[in-house]
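Proteins come first, then strands; the chains are lettered A, B, ... in the order of their sequence lines, and each starts at number 1.
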Amino acid sequence: MNYDHKSIEKKWQEKEHFKTEDDYSKPKFYCLDMFPYPSGVGLHVGHPRGYIASDILSRYKRMRGFNVLHPMGWDAFGLPAENYAIKTGIHPKITTADNVAKFKAQLEKIGLSYDWSREINTTDPNYYKWTQWIFLKMFEHGLAYESVLPINWCPSCKTGLANEEVVSGNCERCGTAVTKKDVRQWVLKITKYADRLLEDLEELDWPEKIKEMQRNWIGKSHGADVLFKLNNGKEVKVFTTRPDTLFGATFLILSPEHSLVSGVLDDLTNKQDVVSYLEETKNKSDIERMEEKTGVPLSGLFAINPVNGKQIPVWIANYVLSSYGYGAIMSVPAHDQRDYEFATKYNLDIIEVVSGGELPYTSEGELINSGSFNGMKSSEAKDKIIQEFDVISESINYKLRDWVFSRQRYWGEPIPLIHCEKCGIITEENLPLELPEVEKYEPTGTGESPLASIEDWVNIKCPKCGGSAKRETNTMPQWAGSCWYYLRFIDPDNDNALVDSEKEKYFQPVDLYIGGAEHAVLHLLYARFWHKFLYDIGVVSTKEPFLKLKNQGTILAYDGQKMSKSKGNTVSPDDMIEKYGADSLRVYEMFLAPFEDAVSWSDNGLVGARRFLEKVWNINLIETNVEDKLLHQTIKKVTEDIEGFKFNTAISSMMILINEWTKTGTTRENFNLFLKLLYPFAPHISRELIEGDDISWPQFSESLIEEDTVTLAIQVNGKFRDSVLLTKGLSQEEVEGIALEREKVKKWISGDIKKVIFVQDKLINILI
RNA sequence: GCCCGGGUGGUGGAAUGGUAUACACGAAGGACUUAAAAUCCUUUGCCUUUAUCGGCUUGUGGGUUCGAAUCCCACCCCGGGCACCA
């Protein structure tokens, strides 16, 4: 009989169903994929790499007796469906439903063992009811606030963006250069959780790279606040990580947006210069502003350096950020690269105060030109200087900014708040607050969402006082729904609570989370923040949502480029499954390279996986029962490799076994054991060939694996010259005797033996 | 510029101090076939050689060690992240 993958895969996909029971007697294993945005173009072969790995783990854990929760859903709010609606007039709801159906069909063909009864969709009102509920809880706890500070604005998407969505000055979605704009925004106080988000990283089994990216993003810096008095009686506060360099602070710089600037303009002798400089910087995008360091003095104004009483000039400059620290810095050109550039350009004083190397010297060292602190090491001087002066105090700063949470777009969760002239802001108690139908999806670009034009939805009576009130018309960002979806899979149909607490206690946390590394400081940081809030209000019982994280490597196109529809270099899994079968695709994707490495796709390799499965299909079954050492070594290897995420070597060890059996044949009993090893990787063919219903994970026999002979290497002067098969456990003298009798060895021995290195059962090295 | 990965045959890769190149792809030769595909067998790091023997080889140069792809130092190259965060 031929190996007909089509009928076998169809048969087992119809027959095998996976349903997670709330059976608390078993140990649980929560194995989660990052759920996809169901785009119109469907999956390419890169997407399933992570899904196949999580499926292998899920099936493996089930075989070992775990109650496995392995669900899938759709992160379906977002811009592509909305932009498509703007172009075609087709409601995002309709496109989303089509795309979900398409994605689901593709996933099912791969044979992934999801519990589809728990499927969720972030755009379903029964789901986003709870997204809105969490937002309201945050609002009630003072973690959501309105702000009109200038924020990142994408002129193409016509919406505000969070810091995390700005990649090298460009919009994360469309690549357009981001500008600043004053827009009324809802902002979430993620900075309140900065320390916990930082500290709790320690206990997570995540790739070090991702943890490091989060640490850098949070960007905690220890240093000092310093208060500088000005000659006009006012004060300027700055933050520095190097209070030991204070004697070298030769000028003060304010950011162009600093609140002090507008108040001092009339006292300056160069008012016109300053006004035109401010005008100039205001009109530049962030990227333009970063091109070159420029500045202008505030002539007539000076500050007093508190450590030595010296008068120093005050400037404004484009490289001082308004959004970090206090939007003002003390400039120490001798010990800071940027200040050095600036001082050189504008001829400002440079005073070396830390000795150690050529200027600008940015490392620590021994203090000079620093009065009574001369001779101290930087680390000591930092503390001493902070203690000595009243106007200097210890301080900590973070790079992390609060999360700009509202979007001026249509296809997102409505923010369930009401603005009443009399009562202020009140919460919508009647959740879900459903997204209304609109006639036009276009963003207005004025800072108002398309929802603002639906008068009868916007204008309502205040539920408190009955007076006239307006609904909030901003929507939530793409990331909102994915901040907590892993909790809903535990209890997807609960109408009374986000998740039942007994179920939550059993299934949380996620034991294994698999997805791309591109979410390092977006989804993964946001979800941790929400989870910690839910922990604080008693909804969840764990401090962290995702215990172990693995990132799959990107699968690149033939040309080494990223696969994308616009480049026309994508490969669809559907074609591969049609031609070679889902099992071949699964085996190939796992065999291709280590799971976390990026790799280029090539169809050629797929035939290797297919040939392997053909060999499995055609194994000759024989009666003679011999103890099969290689089989048991393979069981051990595959077990260890699955646990260690080394799928490529697991498969290669199975190939070695099958190559051997192709020559020798094997017994039904041994073949059955092998098929169970293969089952997580290639479930359809394995189920077809396994005899009986038992698919528990095979155990290897430790005593069978033990080899009683060993191949020992013989070296002369460190060079390999011969190898010999010996019984295990021979002594150095015995081995030496045997080695010296070998022809290949004798040839190299001339003169006295100086020394012999002997490694038990491995190697002998004779030095002459 | 700074912070993380990584560099092994024609290709994807294996080996984390002890026989480098497992496994797979590709290629070459052979069997079967009218022919092709599929399948099976053989060969396949490089140099020298008819073949053996031998020598060389894990980005480059040095070091530690009886012994280094693996550890240390310097440099070169590739990928990813951050990017005026004071």
Exercise. Could you tell me whether B:G9 is syn or anti, where syn means a glycosidic angle within 90 degrees of zero?
Key: syn
Quiz item: B:G45 and B:A38: how far apart are their C1' atoms, nearest whole angstrom?
Solution: 30 Å
Self-check item: Whole angstrom value for the distance that separates C1' of B:G13 from CD1 of A:Ile651
Solution: 13 Å
Practice problem: Between B:C32 and B:A37, how far apart are the C1' atoms? Round to whole Å, please. | Solution: 13 Å
Practice problem: Just compare B:G18, B:A22, B:A86 and give me whichever is closest to any side-chain atom of A:Val759. | Solution: B:G18
Self-check item: Integer-rounded Å distance: B:A37 C1' and A:Arg611 CZ
Solution: 12 Å
Exercise. For A:Met290, answer base if it contacts any base atom (sugar-phosphate contacts may also be present), sugar-phosphate if it contacts only those atoms, and nothing otherwise; contact means non-hydrogen atoms under 4.0 Å.
Key: base
Practice problem: Considering only atom P, compute the distance from B:C23 to B:A15 and round it to an integer number of Å. | Solution: 13 Å
Quiz prompt | Position toward the 5' end of RNA chain B (nearest nucleotide), A:Met213 or A:Leu400 | solution = A:Met213
Quiz item: Any sub-3.5 Å donor-acceptor pair from A:Arg401's side-chain atoms to A:Ser323's backbone N or O?
Solution: yes
Self-check item: 5′-ward residue of the pair A:Val167/A:Leu767 relative to RNA chain B
Solution: A:Leu767
Quiz item: So which nucleotide from B:A83, B:A86, B:C66 ends up closest to the side chain of A:Asn765?
Solution: B:C66
Quiz item: Using the C1' atom in both, what is the distance from B:G59 to B:U65, to the nearest Å?
Solution: 23 Å
Quiz prompt | Side-chain heavy atoms of A:Val724 within contact of A:Thr711, under 4.5 Å | solution = no
Quiz prompt | Residue A:Ser723, side-chain atoms from C-beta onward, closest of B:U19, B:A24, B:G13 | solution = B:U19
Self-check item: Rounded C1' spacing from B:U58 to B:G9 in Å
Solution: 10 Å
Self-check item: Presence of A:Ser600 side-chain N/O under 4.0 Å of B:G12 phosphate oxygens OP1/OP2
Solution: no
Quiz prompt | Pair A:Phe342-A:Tyr319, ring-ring contact (aromatic ring centres under 6.0 Å, His included): steps then yes or no | solution = CA-CA 9 Å; A:Phe342 193 76; A:Tyr319 75 95; 5.3 Å; yes
Quiz item: A:Lys211 NZ to B:G81 C1': how many Å, rounded?
Solution: 17 Å
Quiz item: Counting any heavy atom closer than 4.0 Å, what does A:Leu592 reach on the DNA or RNA strands: base, sugar-phosphate only, or nothing?
Solution: sugar-phosphate
Quiz item: Which is true for A:Arg289 with a 4.0 Å heavy-atom rule: it touches a base, it touches only sugar-phosphate, or it touches nothing?
Solution: base
Quiz item: Between B:A24, B:C25, B:A83, which nucleotide has the shortest distance from any of its atoms to the side chain of A:Trp217?
Solution: B:A83
Quiz item: Any idea how A:Trp479 and A:His519 line up, ring-wise: parallel (<30°), tilted (30 to 60°), or perpendicular (>60°)?
Solution: perpendicular
Exercise. Would you indicate what A:Val756 reaches in the nucleic acid, counting non-hydrogen atoms under 4.0 angstrom: base, sugar-phosphate, or nothing?
Key: nothing
Quiz item: Can you tell me how far C1' of B:A86 sits from NZ of A:Lys293, to the nearest Å?
Solution: 12 Å
Practice problem: Could you check whether A:Asn604 gets within reach of a base, just the sugar-phosphate, or nothing at all, counting any heavy atom under 4.0 Å? | Solution: sugar-phosphate
Exercise. Sticking with atom P, work out how far B:A69 lies from B:U8, rounded to a whole angstrom.
Key: 15 Å
Practice problem: Determine whether A:Tyr340 and A:His335 make a side-chain contact, defined as any pair of heavy atoms from C-beta on separated by less than 4.5 Å. | Solution: no
Quiz item: How would you label the contact of A:Asp339 with the nucleic acid (heavy atoms, under 4.0 Å): base, sugar-phosphate, or nothing?
Solution: nothing
Exercise. May I ask you to decide if A:Ile190's main-chain N or O and A:Asp402's side chain share a donor-acceptor pair within less than 3.5 Å?
Key: yes
Practice problem: Check every strand shown and say whether A:Leu321 touches a base, only sugar-phosphate, or nothing at a heavy-atom separation below 4.0 Å. | Solution: base
Exercise. Could you check whether A:Arg610 gets within reach of a base, just the sugar-phosphate, or nothing at all, counting any heavy atom under 4.0 Å?
Key: nothing
Practice problem: Answer yes or no: does atom NZ of A:Lys562 have more than 12 heavy-atom neighbours from other residues, nucleotides or ligands under 6.0 Å? | Solution: no
Quiz item: Any donor-acceptor pair under 3.5 Å joining the side chain of A:Lys755 to the base of B:C66?
Solution: no
Self-check item: Residue A:Glu212, side-chain heavy atoms: nucleotide from B:C3, B:A24, B:G18 that is nearest
Solution: B:C3
Practice problem: Quickly work out the A:Lys209 NZ to B:C2 P distance and round it to whole Å. | Solution: 19 Å
Self-check item: Out of B:A86, B:U19, B:A24, whichever nucleotide has its closest atom nearest the side chain of A:Ile329
Solution: B:A86
Exercise. Go through B:A15, B:C23, B:A86 for me and flag the one nearest to the A:Lys646 side chain.
Key: B:A15
Quiz item: Atom OH of A:Tyr558 and atom C1' of B:G12: how far apart are they, to the nearest Å?
Solution: 15 Å
Quiz item: Please, what dot-bracket string fits RNA chain B when only Watson-Crick and G-U pairs with both distances under 3.5 Å count, crossing ones use [ ] and pairs to another strand use |?
Solution: (((((((..(((.....[....)))((((((.......))))))(((......)))..(((((..]....))))))))))))....
Self-check item: Nearest listed nucleotide, side chain of A:Ser652, among B:U19, B:A22, B:C66
Solution: B:A22
Exercise. Kindly state whether the ring of A:Trp601 and the ring of A:Tyr558 have centres lying under 6.0 angstrom apart.
Key: no
Quiz item: Where do A:Glu596 and A:Lys209 land on the salt bridge (charged side-chain N to carboxylate O under 4.0 Å, His left out) test, with the steps shown first?
Solution: CA-CA 12 Å; A:Glu596 290 172 288; A:Lys209 185 185 157 180; over 6 Å; no
Self-check item: Listed nucleotide nearest any side-chain atom of A:Ile656, set B:C3, B:C23, B:G67
Solution: B:C23
Exercise. Can you tell me the distance, in whole Å, between the CD atom of A:Gln715 and the C1' atom of B:A68?
Key: 12 Å
Exercise. Give one of base, sugar-phosphate or nothing for A:Leu763, where a contact means two heavy atoms less than 4.0 Å apart.
Key: base
Quiz prompt | Integer angstrom distance from the C1' of B:C41 to that of B:C46 | solution = 26 Å
Quiz item: Across the strands shown, which category fits A:Asn659 at heavy-atom distances under 4.0 angstrom: base, sugar-phosphate, nothing?
Solution: sugar-phosphate
Quiz item: C1' atom, B:C25 versus B:U44: distance in rounded Å?
Solution: 13 Å
Quiz item: Which part of the nucleic acid, if any, lies within reach of A:Lys762 when heavy atoms closer than 4.0 Å are counted: base, sugar-phosphate only, or nothing?
Solution: sugar-phosphate
Quiz item: For A:Lys579, does the NZ atom sit with more than 12 other heavy atoms under 6.0 Å from it, leaving out its own atoms?
Solution: no
Practice problem: Can you label the angle between the A:Phe239 ring and the A:Tyr324 ring as parallel, tilted or perpendicular, going by 30° and 60°? | Solution: perpendicular
Self-check item: Rounded distance in Å - CD (A:Glu164) to P (B:C82)
Solution: 11 Å
Exercise. Tell me what A:Ser653 touches on the nucleic acid: a base, only sugar-phosphate, or nothing, going by heavy atoms under 4.0 Å.
Key: nothing
